[in-house]
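Hydrogens, waters and symmetry mates play no part in the numbers below; they use all other heavy atoms, side chains included. In what follows, every chain begins at residue 1, and chains take the letters A, B, ... in the order their sequences are listed.
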Amino acid sequence: MLQPIDKAKVQQYIEDFANEDVYIHLETTNGAYATHLDSSFFNAGAFIRNAKVRYERGKIAGEGPYRVGLKMENGWIYGQGLTHFEMDDEGRLIMAGLDHQGRLAVAFEISRTPFP
Amino acid sequence: MIQKERHVLVILPHPDDEAFGVSGTIAAYIKQGTPVTYACLTLGEMGRNLGNPPFANRETLPKIRKKELLESAKAMGLTDLRMLGYRDKTVEFEDEEKLADVFSGLIDELNPSLIITFYPGYSVHPDHEATGRAVVRAAGRIPAGKRPKLYCIAFSHNCEEELGKPDIIHDISHCSEEKLAAIRAHRSQTALFYDDLSKRLEAGDPEALDRLRYERFWTYKWN
């Protein structure tokens with residue numbers, strides 16, 4: 001189950017995945033109805049599932065909500081607004097940013113096997 | 001007045017889409033003895049509501065929503081539920097012709113006299129729009145004289161302005177319990193809505209009562 005982020009634990013998990021091929025799920029969202037509910041709202045978001053990458057270092061920063069950045073040979077992966085984490089029973093690091101109503105705003109996940 | 005049908009085929013992209021707009025109609029047809037098939041394209045994998053404290057994460061949400069969909073089907077008395085295996089929020093990026101082929105396959109198999117889906121152009125969510133477009137494409141392959149009727153759900157802000165008032169109004173008063181149970185079944189997404197609706201029903205709020213009395217559709221305009 002998702003728990004509030006323990007920064008030291010998450011840092012250790014991120015380091016455990018370094019220097020090997022891993023699959024990334026990264027997503028930001030305001031929901032599909034944001035503009036329907038408020039026409040002045042500019043709705044943007046992005047989603048990538050199963051990007052296969054290898055990072056040499058990774059770090060969790062901030063005091064909550066947190067930021068996570070992964071440095072690759074040729075670039076970066078970055079997410080912000082992270083509040084919760086879980087090492088699930090399939091050995092995947094699941095991180096999420098939930099707003100005050102419990103709605104997902106950002107998801108950042110790292111796995112050694114592709115996500116289904 | 002709900003017209004008699006041979007077979008009703010409901011095609012919607014998300015678990016819970018059926019609950020709000022069609023569950024009373026589905027339950028009413030099943031009570032009449034009319035077979036109903038509900039094809040649900042995705043498992044709502046990209047739903048935002050994970051709870052506070054969270055009850056799910058991105059990877060466990062589809063498992064929860066699948067259970068809820070099965071519970072909703074049971075609440076409506078529906079026995080023919082088809083889960084088509086697409087992914088939430090990606091339907092519009094699929095090959096529309098191939099998606100229409102899948103729907104044509106269902107139409108050929110089931111020979112429905114009525115299909116219910118979202119009205120393309122008036123249904124807000126990109127998955128709703130893409131599903132509606134592909135259903136229209138599949139139904140459009142059938143010559144006009146043999147084509148099943150096509151009822152559409154619309155709720156964009158401009159829908160009544162452009163389409164006029166819904167021409168199909170189903171009185172589902174006798175299925176309000178089933179409809180409430182279908183909405184409740186999708187609790188991961190509907191818990192707040194359900195609580196609010198229950199309070200408004202108790203207070204006799206006309207809009208809330210209307211939701212459990214009537215479901216409205218627009219017959220698709222072919223040209």
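The CD atom of A:Gln101 sits 13.0 Å away from the CG atom of B:Leu50 when rounded to the nearest 0.5 Å. Note that the CD atom of A:Glu86 and the CG atom of B:Asn57 stand 4.5 Å from one another [nearest 0.5 Å].
When B:Glu59, B:His157, B:His125 are compared by the number of non-hydrogen pairs under 4.5 Å with chain A, B:Glu59 comes out ahead.
More than 12 heavy atoms of other residues, nucleotides or ligands sit less than 6.0 Å from atom NZ of B:Lys149. Counting non-hydrogen atoms of neighbouring residues, nucleotides and ligands closer than 6.0 angstrom, the CD atom of A:Glu73 reaches no more than 12 such neighbours. In B:Arg213, the CZ atom is not crowded: 12 or fewer heavy atoms of neighbouring residues, nucleotides or ligands sit closer than 6.0 Å. Atom CG of B:Leu192 has 12 or fewer heavy atoms from other residues, nucleotides or ligands within 6.0 Å. When the shell of 6.0 Å around CD of A:Glu56 is examined, it contains more than 12 heavy atoms from other residues, nucleotides or ligands. Heavy atoms from other residues, nucleotides or ligands lying under 6.0 Å from CZ of A:Arg57 number 12 at most. The number of heavy-atom neighbours closer than 6.0 Å to CD of A:Glu20, taken from other residues, nucleotides and ligands shown, is above 12. Heavy atoms from other residues, nucleotides or ligands lying under 6.0 Å from CD of B:Glu207 number 12 at most.
Of the two parts of A:Pro116, the backbone and the side chain both hold a non-hydrogen atom closer than 4.5 Å to a non-hydrogen atom of chain B. The part of B:Phe55 that comes within reach of chain A is its backbone (N, CA, C, O), which places non-hydrogen atoms under 4.5 angstrom from that chain. If you measure heavy-atom distances from A:Ile94 to chain B, the contacts under 4.5 Å come from the side chain alone. There is no contact between B:Thr60 and chain A, counting heavy-atom distances below 4.5 Å. Both the backbone and the side chain of A:His36 come within contact range of chain B, with heavy atoms under 4.5 Å apart. The part of A:Glu27 that comes within reach of chain B is its side chain, from C-beta onward, which places non-hydrogen atoms under 4.5 angstrom from that chain. If you measure heavy-atom distances from A:His25 to chain B, the contacts under 4.5 Å come from the side chain alone.
Using a 4.5 Å heavy-atom threshold, the side chains of A:Phe115 and B:Arg58 count as separate.
Checked by atom type and distance alone, the side chain of B:Asn52 pairs as donor or acceptor with a backbone atom of A:His100 at under 3.5 Å.
For the side chain to side chain contact (heavy atoms under 4.5 Å, CB included) with B:Pro54, the lone residue among A:Leu104, A:Thr83, A:Leu98 that qualifies is A:Leu98.
In terms of heavy atoms, B:Arg48 sits closest to A:Thr29 at NH2-O, 3.8 Å.
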